[in-house]
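One structure is given below, encoded as structure tokens.
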Amino acid sequence: MSEEIKNQEAADNVENNETVEVTEAVESTEAVAGTEEEVTSQEGMEIISLKKGDTVKGTIVKIEDNQAYVSIGYKYDGVIPIRELSSVQLDNAAAAVEVGQEVECKVVSINDNKESLVLSKRAIDSEKSWEDLEKYFASQESFEVTVADVVKGGLVADVGARGFIPASMVERHFVEDFSDYKGRTLRVKVKELDRENSKVILSAKEVLEEEFEANKQKIMAELSEGQIIEGTVQRLTQFGAFVDVGGVDGLVHVSEIAWNHVEKPSDVVSEGDKVRVKVLKVDPEKGKISLSIKAAAPGPWDSASGQINIGDVVTGEVKRLVNFGAFVELLPGVEGLVHISQISHKHIGTPHEVLKEGQEVQVKVLDFNPSEKRVSLSIKETEEAPAPSARPERSNSRDRAPKEVLNNPNVSLSNEGLSFTLAERFGDKLDKFKGNN
């Protein structure tokens with residue numbers, strides 16, 4: 001059989017996925033027995049033998065949209081189709097490899113007549129990755145992945161196999177749009193692994209949770225009650241504001257936002273605001289931090305000294321009414337008491353008779369003690385006292401009408417009648433008393 005016929009048969013067998021051996025040296029013209037033949041190339045003194053399924057190493061020398069060319073030292077370059085570059089779908093070959101990069105591939109097919117050498121990077125990556133994934137799954141160690149694609153329900157990463165990160169396992173918080181996650185590097189853990197069905201479920205959220213908890217404990221250990229620090233308002237609720245103090249959120253209750261009354265937190269602060277807060281309480285066991293914005297700022301009583309003086313007449317707002325008086329706000333956070341006796345010149349049973357909450361009133365400062373946070377006020381001293389009402393004149397006793405004498409012989413209401421009756425009754429006894437003396 002001629003050498004040309006032998007080489008043609010060898011090329012045909014490669015296309016039929018049979019193992020072949022072809023020699024390029026002129027001296028080697030004998031075929032190797034059996035169905036498995038080798039393809040060899042002599043370049044200088046080195047002979048490279050290839051067969052389907054072999055693992056080869058090479059360097060990327062050229063990249064086209066749908067394939068990459070690899071130099072492995074063979075008589076012609078190998079080609080890696082885009083589908084064999086990665087386990088995930090790629091837009092172009094450049095997304096997986098770059099010129100000059102060393103790669104390891106598996107031989108998929110050889111056709112010397114057509115100078116076709118098809119390689120697969122994905123096959124080698126997959127074999128290695130499953131071993132690594134099984135180790136990561138067993139140890140629950142985290143590792144980095146690059147997001148290759150954003151799909152419905154989550155993200156896809158090339159981990160040698162197709163790794164899927166469900167939307168609920170991407171961040172600690174809800175994410176509405178993942179469109180800008182493509183190309184990002186995330187640290188993940190393997191949550192589910194099924195090699196038989198090529199199923200790999202990853203979680204970035206679990207890594208973030210662990211990092212958050214570790215950081216939280218570190219920060220809480222460094223915080224102390226009474227400490228004043230800076231933070232950023234993260235989110236607002238009806239009952240307060242959550243402030244980030246170095247990666248950990250603390251709660252500023254609505255009552256601790258400002259010295260004056262706050263209806264809702266959004267009336268005073270907004271998300272993203274930088275604020276100074278005072279640490280009120282740290283509870284590492286419950287993981288809670290209580291903060292105060294108002295306690296970190298000068299109190300209203302601290303600055304009231306220069307604004308309120310005894311004897312001043314000022315305008316205030318009635319904040320609260322109680323049985324014994326009314327509390328009037330003079331400055332934000334500074335309230336004074338108008339005792340019920342100082343509300344009106346006329347007698348009142350309760351403050352509600354003449355005042356209502358929210359009403360503006362003029363008050364006079366009777367006493368001011370900022371150290372005790374006490375102000376005594378008066379409303380009636382800002383008003384002119386009403387003129388005293390005229391009393392009816394007493395009539396002269398001479399002008400009085402004579403008393404009516406009861407028509408009773410045994411009773412006399414006149415002085416004269418009374419004296420006479422007593423003399424008659426006690427006269428004889430008095431005489432005897434005088435005689436004895």
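The structure displayed is predicted, hence computed values, not measured ones.
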- prompt: With sequence neighbours left out, which residue pairs that include part of residues 58-73 fulfil the salt bridge (Lys or Arg N to Asp or Glu O under 4.0 Å) condition?
  reply: K62-E64
- prompt: Which pairs, with at least one residue in residues 154-172 and sequence neighbours excluded, count as a salt bridge (Lys or Arg N to Asp or Glu O under 4.0 Å)?
  reply: R172-E209
Could you tell me which non-hydrogen atom of [X] sits nearest to which non-hydrogen atom of [Y], and how far apart they are?
X    : Y    : answer
C105 : L119 : CB-CB, 3.8 Å
V269 : L236 : O-CD1, 3.5 Å
A326 : L321 : CB-CD2, 3.5 Å
I343 : P351 : CD1-CB, 3.7 Å
D244 : G247 : OD1-N, 2.6 Å
V245 : G231 : CG1-CA, 4.3 Å

Under 4.5 Å between any side-chain heavy atoms of [X] and [Y], yes or no?
X    : Y    : result
V322 : I340 : no
W130 : D125 : no
D273 : T232 : no
V277 : I228 : no
E230 : K274 : no
V70  : T59  : no
L90  : R83  : no
L291 : L280 : no

- request: For side chain to side chain contact (heavy atoms under 4.5 Å, CB included), just list the numbers for V147 and V156, CA-CA rounded to whole Å, side-chain angles, deciding distance to a tenth of an Å, and then say yes or no.
  value: CA-CA 6 Å; V147 177; V156 174; over 6 Å; no
Point-to-point distance, once rounded to the nearest 0.5 Å, from [atom1] of [X] to [atom2] of [Y]:
X    : Y    : atom1 : atom2 : result
K218 : M220 : NZ    : CE    : 13.5 Å
L85  : Q67  : CG    : CD    : 9.5 Å
Q234 : D249 : CD    : CG    : 5.5 Å
N66  : D91  : CG    : CG    : 12.5 Å
F137 : R195 : CZ    : CZ    : 14.0 Å
I63  : Q101 : CD1   : CD    : 8.0 Å

task: Could you please spell out the steps behind the side chain to side chain contact (heavy atoms under 4.5 Å, CB included) verdict for D77 and L117?
output: CA-CA 7 Å; D77 294 336; L117 173 60; over 6 Å; no
Should the pair [X]-[Y] be classified as a salt bridge under the 4.0 Å nitrogen-to-oxygen rule?
X    : Y    : value
D267 : K264 : yes
E127 : K106 : yes
E84  : K121 : no

Return yes if some donor-acceptor pair links the side-chain N/O of [X] with the main-chain N/O of [Y] below 3.5 Å, else return no.
X    : Y    : result
S87  : A161 : yes
E131 : K128 : no
T382 : I379 : yes

Just grab all the side-chain hydrogen bond (donor to acceptor under 3.5 Å, both in side chains) pairs involving [range], residues at least two apart or on different chains.
range            : value
residues 276-292 : E256-S292
residues 132-152 : S142-R187
residues 327-338 : R320-E335

task: Please identify each residue that fulfils salt bridge (charged side-chain N to carboxylate O under 4.0 Å, His left out) with D194, with sequence neighbours left out.
output: none
message: I'd like to check the salt bridge (charged side-chain N to carboxylate O under 4.0 Å, His left out) partners of K216; sequence neighbours left out, ordered by chain and number.
response: none
field: Whether over 12 other heavy atoms sit under 6.0 Å from E225 CD
entry: yes
Criterion side chain to side chain contact (heavy atoms under 4.5 Å, CB included) against V248, the qualifying member of L223, V243, I289: I289
Name each donor-acceptor pair under 3.5 Å that joins a side chain in residues 355-365 to protein atoms two or more places apart or in another chain, with its distance.
unit_1: Q359; atom_1: OE1; unit_2: K356; atom_2: N; d: 3.1
unit_1: Q362; atom_1: NE2; unit_2: T315; atom_2: OG1; d: 2.6

Inter- and intrachain pairs under ring pair (Phe, Tyr, Trp, His ring centres under 6.0 Å), touching [range], at least two apart:
range            : result
residues 216-275 : none
residues 163-212 : F178-Y181
residues 353-380 : none
residues 307-360 : none

- prompt: Could you walk me through whether V61 and V99 pass the side chain to side chain contact (heavy atoms under 4.5 Å, CB included) check?
  reply: CA-CA 5 Å; V61 292; V99 174; 5.8 Å; no
- request: Decide salt bridge (Lys or Arg N to Asp or Glu O under 4.0 Å) for K191 and E206; before the verdict, give the C-alpha distance in whole Å, the side-chain angles of both, and the deciding distance to 0.1 Å.
  value: CA-CA 9 Å; K191 296 302 297 177; E206 186 166 331; 2.5 Å; yes
query: Does a donor on one side chain and an acceptor on the other come within less than 3.5 Å for S109 and N111?
result: no
- request: Give the intermediate values and the outcome of salt bridge (Lys or Arg N to Asp or Glu O under 4.0 Å) for residues E210 and K189.
  value: CA-CA 11 Å; E210 289 181 356; K189 282 189 173 185; 2.6 Å; yes
task: Evaluate the criterion side chain to side chain contact (heavy atoms under 4.5 Å, CB included) for residue pair Y69 and I60; output intermediate values, then yes/no.
output: CA-CA 6 Å; Y69 292 87; I60 303 292; over 6 Å; no
